[in-house]
Amino acid sequence: MRPTRLQASRQNRRSAFFFRRGKLPLFLTLLFCSMTLQAQEHPFYISFYYAPPPAGLSNAAPVYQGLAVSTDLGESWMNRGWITSAVNAIAVDPANSAHVLLGSDYGVLESGNAGEDWKLISGWDMPAVLDIEMDATGIWAATTEGIFLSKDGGASWNTSNAGLSTPDGTYVTQLLRVPGSMLIATNDGVYRSADKGASWRRSGLESQPLSGLQAHPKDPTHLLAWSEQDGIWVSTDGGRSWTNRNEGLRFPSVKCAVFDPRDRSTLLIGTRITGVMRSSDLGKTWEFASGGLTNLNINALLFDPRQPDRVYAGAENGSFISDSRGKTWQPFSIRLGYVSDLWMQ
Amino acid sequence: MKAKALLFILFLSIAATQPVAAQLDISVRRDSIRTFFTTADIDANYPAATARVLDTVHREEGLAMLGALTSSVSPDVIERFQMTASYIHVRPQLSDSLRERIESIWEFFPIRPLQGEHERVAYYTALYLASTYFSPDAHFFNGKSREENVHDAQDFLLNWIRESTERGQREFDSPTYASMFFMSMLLLRDFARDEDLRLRAELMAQWLLADFAHDYLNGSYCGAHSREKRDPATLSLPVANGMSSIAWLYFGDGPRVYGRAQYFALLSDFQPHPAIVELATVRREPYESWERKRPAKQIRSGLVPVVDDVVRYTYMDPLYALGSIPGGKVQAREQHSWDVTWIPEDPTSAANLFVMHPWSDPASLLPFLPHSDEIAFRNIGLVDPYYDTVTKMVGGSPFEDVFQHRNTLIALYDLEEVKRFPLIIGYLPADPRDMRVDTLKSGWISINTGDVYIGMYPLKKFRIADSQGKPLFVSNELRNGVIVQVIGRNEAGSFKSFMQKLHKTVIDTSAFDSDMRIRYTTMDGEKLDFTYHGQRTVNGNTIGMAKDKLFDSPRLTSELGSGMLTIHAINGDVIIDMHALEIRQSQ
């Protein structure tokens, strides 16, 4: 982990500025960053963009985005990260939850202190980053122009697209680490690399423009892949074969999906229009599970690792919590706009 | 040291060949611009603040203006760029507190993600200069060190220069945004510490200006372009754009225009090569111009295929220009697909004509905006409602196709699948000397602008509406199109004679309803055959741009990938050579 810079005088210097009306995001920076984050006991991160501005302030600068951080299981929140950059994905160091990477439209941002300071660790040639992972191989960035991989903590980056159908033009939406290999969801199906990104081979769903990929946390042979156009597919053999599970979906536009960690057959999907849908037979049948949702455009779902009945949902406009394994919902404590990713220790 | 020597020789040769009269003229124009920005009663802006600080009489006023401007911060990169340009020019006059404030803005406040090419060039130019000239303990919002930022910025800028000169620009020929590229290159030419970058920036500034001069007519940047500011006032008045102010500074033949980029250009001792001034101002014969450009960079949406190179075609006459994009689609949001521009009798009156399909579709924004479709749609609705209005004056459409040969243009529109705004709108000159709409016999709309006559033949039923005193061509037919003929009075004679010739042209629309095919015999007797998204022939020969050319005209040529631009001047060829890093006269 790279040390990050802290300046004792920063808050005072920042306060010297007076912000005129219509320059909302910078005012918010001052507001949030004047709070000090304490030790990371139970970090909970939500990346988002397009939150509504606080009441009473101008709507002239509508794009307000970044990373929301809570250390008290969501009771209180602080805004961290660059609020002018759409943050698409979060990656957290398993050994140090204060070491955070963000995949953003600026590239890859890194913080060593849970978001108090950030450094852009990618160069000018990094396209928008849609997903980010870190593992023993290095830092993986899924971008609109393929995979970028850094093996030196972000000091240098190389493309890692050998074997992809259009090496410079493949749109990669998600990275999924499974034992022995890395899977990626692309605009041309699923690919797998078993040699740390040196080469990629197809792993099904060729020519499908996929939006994401997920594995069961305890059984990585159980996989989900989904698309915003053509619904969801299930694999029970590690990606060798896929079965479409759209029957019963009223509108096959899937934006996120998760397995219930306690059950290999139960899964939740977040959809574009129909909110959350739930299946207890691996997608053969579906039931609506949107009771309590006030927004039916769901981007992210996360089972609480501490409380297995609890699930969080990030929506296009708001965030929600369920204490019934995703059957019913209620609004969550933080008011955010478009939630793009959730991470919890 | 070789680069430094070449730079020196370049300036020396320009000074030696510059006509004395032109030098006097430009000195008068320089004084006028300087006086305007120093004394005019205008809203606070960075060029005005800079001008006042650099003037001993108005220095306190300028410093106060700079203080006011920097007391608030915007995430807009153009504002950051102008602030940094001011800093670079007036840094010896700044108080410690003002210098620290500007440096603090860079330290604490990020910039919104960069969407357009001009924003990227402006950002990396400003980042390079700030990282070079800020105090040694300066920090930056991106967490990178000064050295890292200089490295990133220089790498980007050199790559952009190389790609633009070898493969073409993405944001091309924009009457407003081109001034940002030019201004950036001048700042680097004057203030980059790296000699190689300084020299390349000098040559790139000359290259950009030659590209501009090639399509320039008495103050106006003519023809089609990738992007333009969504300002109806400047869209209908081509001489009121940023590049027009640059033209007035260097070429001096158009109407007097002041612009922010122009003021920063004034502070540089850069001078365009005389061959470029000649290219812009000496027009003896009409010429056809082909230019190859690159499609806009896609930020998102892998579902949108990468489109082919964009081809731009312009017919430059000493009195008018007719230009279009016959190949490749650039931007639904801000593209200007075709127009006629002429030299008006009154320089402040509108002097262009174009027809467009006001297409808007959230999905069309995805390649260019760093947001998901939901966010892009909402964002556009909030910050850019103009994009989704029926009367917008910029924007390409996938439902239009254009074919042009010299002074004749055929634009076809197939709107049968269009749900929102299935109509075409034409922006006609507000106050022509004469305009005849002959719906009963010939079907032509004939326009007399003074020195230039324009004929427009709508293929389907239309009406002329009144839009705040300006005539607006409107047609709701779903399969539609117009034929446009332009000619100077010097060639056509009287307006009556022009109309007689126009009415004798042969228009064959027999295959239009079935195949969207038009056959048209021009006033010059040339036979054009055009099918929507299909064949395009002149006298039976297929025409198009040569695949190995970047620029192709009698006045300007460049081979694709060569990095060399040849200006065919009266006294011989002048070559801007990005590999040899020199401008040289051809042997």
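Checked by atom type and distance alone, the side chain of E117(B) pairs as donor or acceptor with a backbone atom of E171(B) at under 3.5 Å. The backbone N or O of Y171(A) lies less than 3.5 Å from no partner atom in the side chain of T144(A), so there is not a single donor-acceptor pair. A donor-acceptor pair is defined here as one N or O able to donate and one able to accept, closer than 3.5 Å; such a pair exists between the side chain of N88(A) and the backbone of V129(A).
Scanning both residues, A300(A) and S340(A), for their nearest heavy atoms gives CB-O, 4.1 Å.
Taking 4.5 Å as the heavy-atom cut-off, the residues of residues 154-162 of chain B that approach chain A are D155(B), F156(B), N159(B), ordered by number.
Checked for salt-bridge contact, R294(B) and E163(B) meet the test: a charged N lies under 4.0 Å from a carboxylate O.
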Q: Evaluate the salt bridge (Lys or Arg N to Asp or Glu O under 4.0 Å) criterion for residues D309(B) and R167(B): first the C-alpha distance (whole Å), next the side-chain angles of each, then the deciding distance (0.1 Å), finally the verdict.
A: CA-CA 9 Å; D309(B) 283 350; R167(B) 296 181 53 208; 5.2 Å; no

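Proximity to chain A is limited to the side chain of Y124(B), based on heavy atoms less than 4.5 angstrom apart. Heavy atoms of S122(A) lying under 4.5 Å from chain B belong exclusively to its backbone.
Between the side chains of S156(A) and N158(A), no donor-acceptor pair of N or O atoms lies under 3.5 Å.
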